[in-house]
2 protein chains.
Amino acid sequence: MPKIVDHEARRARLVEAVWSLTVRGGIEQVSLRKVAEEAGVSMGQIQHYYSSMQALIRDALDRATRAVNATIENAVAAADTTSPEAVLRACLYALISPAQESTRLMRFALAAAGRAVSDPTMAKALAPADDDLLTLTAGLIAAAREERGSEPRGEERTDADICWSLATSLGVDVALGYRTPEAAEHLLDHHVEQILR
Amino acid sequence: MPKIVDHEARRARLVEAVWSLTVRGGIEQVSLRKVAEEAGVSMGQIQHYYSSMQALIRDALDRATRAVNATIENAVAAADTTSPEAVLRACLYALISPAQESTRLMRFALAAAGRAVSDPTMAKALAPADDDLLTLTAGLIAAAREERGSEPRGEERTDADICWSLATSLGVDVALGYRTPEAAEHLLDHHVEQILR
DNA sequence: CGGTTTACCATGCACTTGCACTGTAAACGC
DNA sequence: GCGTTTACAGTGCAAGTGCATGGTAAACCG
């Protein structure tokens with residue numbers, strides 16, 4: 001065995017470089033040499049950890065979506081309130097947050113989404129809200145409606161699906177600068193209000 | 001003056017080739033030579049009509065968005081009904097239509113959207129629903145609510161904005177195969193129902 | 001007829017690309 | 001000590017890239 005290194009840290013470093021390059025100049029700027037330079041390593045190291053450029057970008061997208069999901073989970077965990085409505089708003093806001101890291105991730109994900117058009121492997125990583133998240137959100141909506149005294153209607157899962165679809169769309173708009181985070185928040189608020197009424 | 005040619009037709013042909021190549025193999029497959037081959041012309045012709053590769057792709061995106069808008073307008077015009085609700089649904093459905101041409105356009109637009117991350121010129125062509133469309137849609141919503149006997153509430157513009165945001169998001173999902181057109185339609189229906197209640 | 005303008009085609013060039021390959025230093029078992 | 005495995009660095013190469021350039025054929029004006 002040779003030098004003991006932290007593989008995870010190495011990969012994270014390389015992926016970080018891919019994110020930066022992409023956000024700065026578009027995904028077409030991402031090349032072996034550029035990533036190597038950005039990460040301050042040699043091309044050889046990249047080849048050592050990834051079998052191809054495709055594999056690198058795939059992993060970068062994978063980690064980006066996982067990071068976004070983590071943001072959502074953090075928002076849920078950090079909501080120091082028992083009000084389901086507050087928690088619901090908090091986790092939806094995660095996608096339109098003005099936080100720089102969020103914007104970075106959304107931008108990269110959008111740039112990589114172009115690849116998903118022709119690469120099914122990439123498309124997988126970008127799928128809409130998964131079952132667990134939908135179930136969680138539907139639960140929040142039901143609880144929030146109950147909290148407000150609205151009568152239940154058993155369509156919470158559909159409502160949840162729409163919520164995430166809308167939040168994603170607004171998140172992209174914010175990332176591309178079409179809307180301010182405040183404007184997006186206003187729209188989301190309006191919709192949530194509608195849902196819970 | 002030399003051979004009289006239809007410039008518009010030439011450009012349309014080249015852009016069509018760009019769309020095809022992109023949808024088939026991703027935008028990274030789009031090169032001068034490939035486009036030339038796909039269109040059955042020489043690289044020289046492309047250079048004659050576009051000052052650079054960037055210009056070609058920009059025009060391709062421009063024409064794609066205009067084509068999508070035309071689809072929406074057609075849907076409005078084709079709705080042989082006076083019911084504003086029916087017209088509203090019809091034009092929203094334009095974005096999630098299962099029609100092959102629609103899917104092609106959406107796919108290309110998504111692939112090109114990746115470029116918008118770093119190219120502001122591209123970003124312009126992809127902006128959310130413009131003022132005119134929003135005004136039109138808000139009018140439809142107000143009329144549909146009146147038709148149903150719901151009381152007006154003066155938030156129709158916000159409602160319209162949300163509608164298009166949601167429809168766009170669903171359109172992307174359909175184009176990438178995450179949802180069937182029917183599933184997307186169901187969600188849209190549910191939302192419109194909510195809006196008009 | 002010549003001259004000018006347009007509409008290309010074909011080629012050449014400088015540059016970048018991903019990847020294969022070779023070399024080498026470090027850490028361990030024996 | 002030696003051999004093996006891992007973790008890279010460095011280089012070379014074939015393929016592809018956008019674009020500049022030079023040439024040519026057609027259509028019109030005079």
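FYI, side chains are in, hydrogens and waters are out, and symmetry mates aren't considered; it's all heavy atoms of this structure. Just so it is clear: chains get the letters A, B, ... in the order the sequence lines come, proteins before strands, and each one is counted from 1. None of these values were measured; they are calculated from a predicted model.
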Nucleotide [N], atom [atom2] - distance to [atom1] of [X] in whole Å:
{"X": "B/Gln29", "N": "D/dG16", "atom1": "CD", "atom2": "P", "result": "11 Å"}
{"X": "B/Glu37", "N": "D/dG16", "atom1": "CD", "atom2": "C1'", "result": "14 Å"}
{"X": "A/Leu32", "N": "D/dA14", "atom1": "CG", "atom2": "C1'", "result": "15 Å"}
{"X": "B/Ile27", "N": "D/dT17", "atom1": "CD1", "atom2": "P", "result": "14 Å"}
{"X": "A/Asp6", "N": "D/dT6", "atom1": "CG", "atom2": "P", "result": "17 Å"}
{"X": "B/Arg10", "N": "C/dT6", "atom1": "CZ", "atom2": "P", "result": "16 Å"}

A/Ser165 and B/Ser169 side chains, donor-acceptor separation under 3.5 Å:
yes
Donor on one side chain, acceptor on other, B/Ser20 and B/Arg104, under 3.5 Å:
yes
Scan B/Val35 against the nucleic acid and name what it touches under 4.0 Å (heavy atoms): base, sugar-phosphate only, or nothing.
nothing
Considering only side-chain heavy atoms of B/Ser31, which listed nucleotide, C/dC8, D/dT17, C/dG18, is closest?
D/dT17
With the side chain counted from C-beta on, respond yes when A/Leu14 and A/Val41 share a heavy-atom pair under 4.5 Å apart, and no when they do not.
yes
Which of A/Glu16, A/Arg24, A/Arg13 passes side-chain contact (heavy atoms from CB on, under 4.5 Å) with A/Glu38? It is A/Arg24
Check each residue of residues 39-60 of chain A for a non-hydrogen atom within less than 4.0 Å of any atom in DNA chain D, then write out the ones that pass by number, or none.
A/Ser42, A/Met43, A/Gly44, A/Gln45, A/Gln47, A/His48, A/Tyr49
Any donor-acceptor N/O pair under 3.5 Å between D/dG16 base and B/Arg33 side chain:
no
Counting only side-chain nitrogens and oxygens, does B/His7 get under 4.0 Å of the OP1 or OP2 atom of C/dT6?
no
For the residue pair A/Phe108 and A/Trp19, does the interplanar ring angle fall in the parallel (under 30°), tilted (30 to 60°) or perpendicular (over 60°) class?
tilted
A/His7 vs A/Tyr49 aromatic rings, parallel, tilted or perpendicular, using cut-offs 30° and 60°?
perpendicular
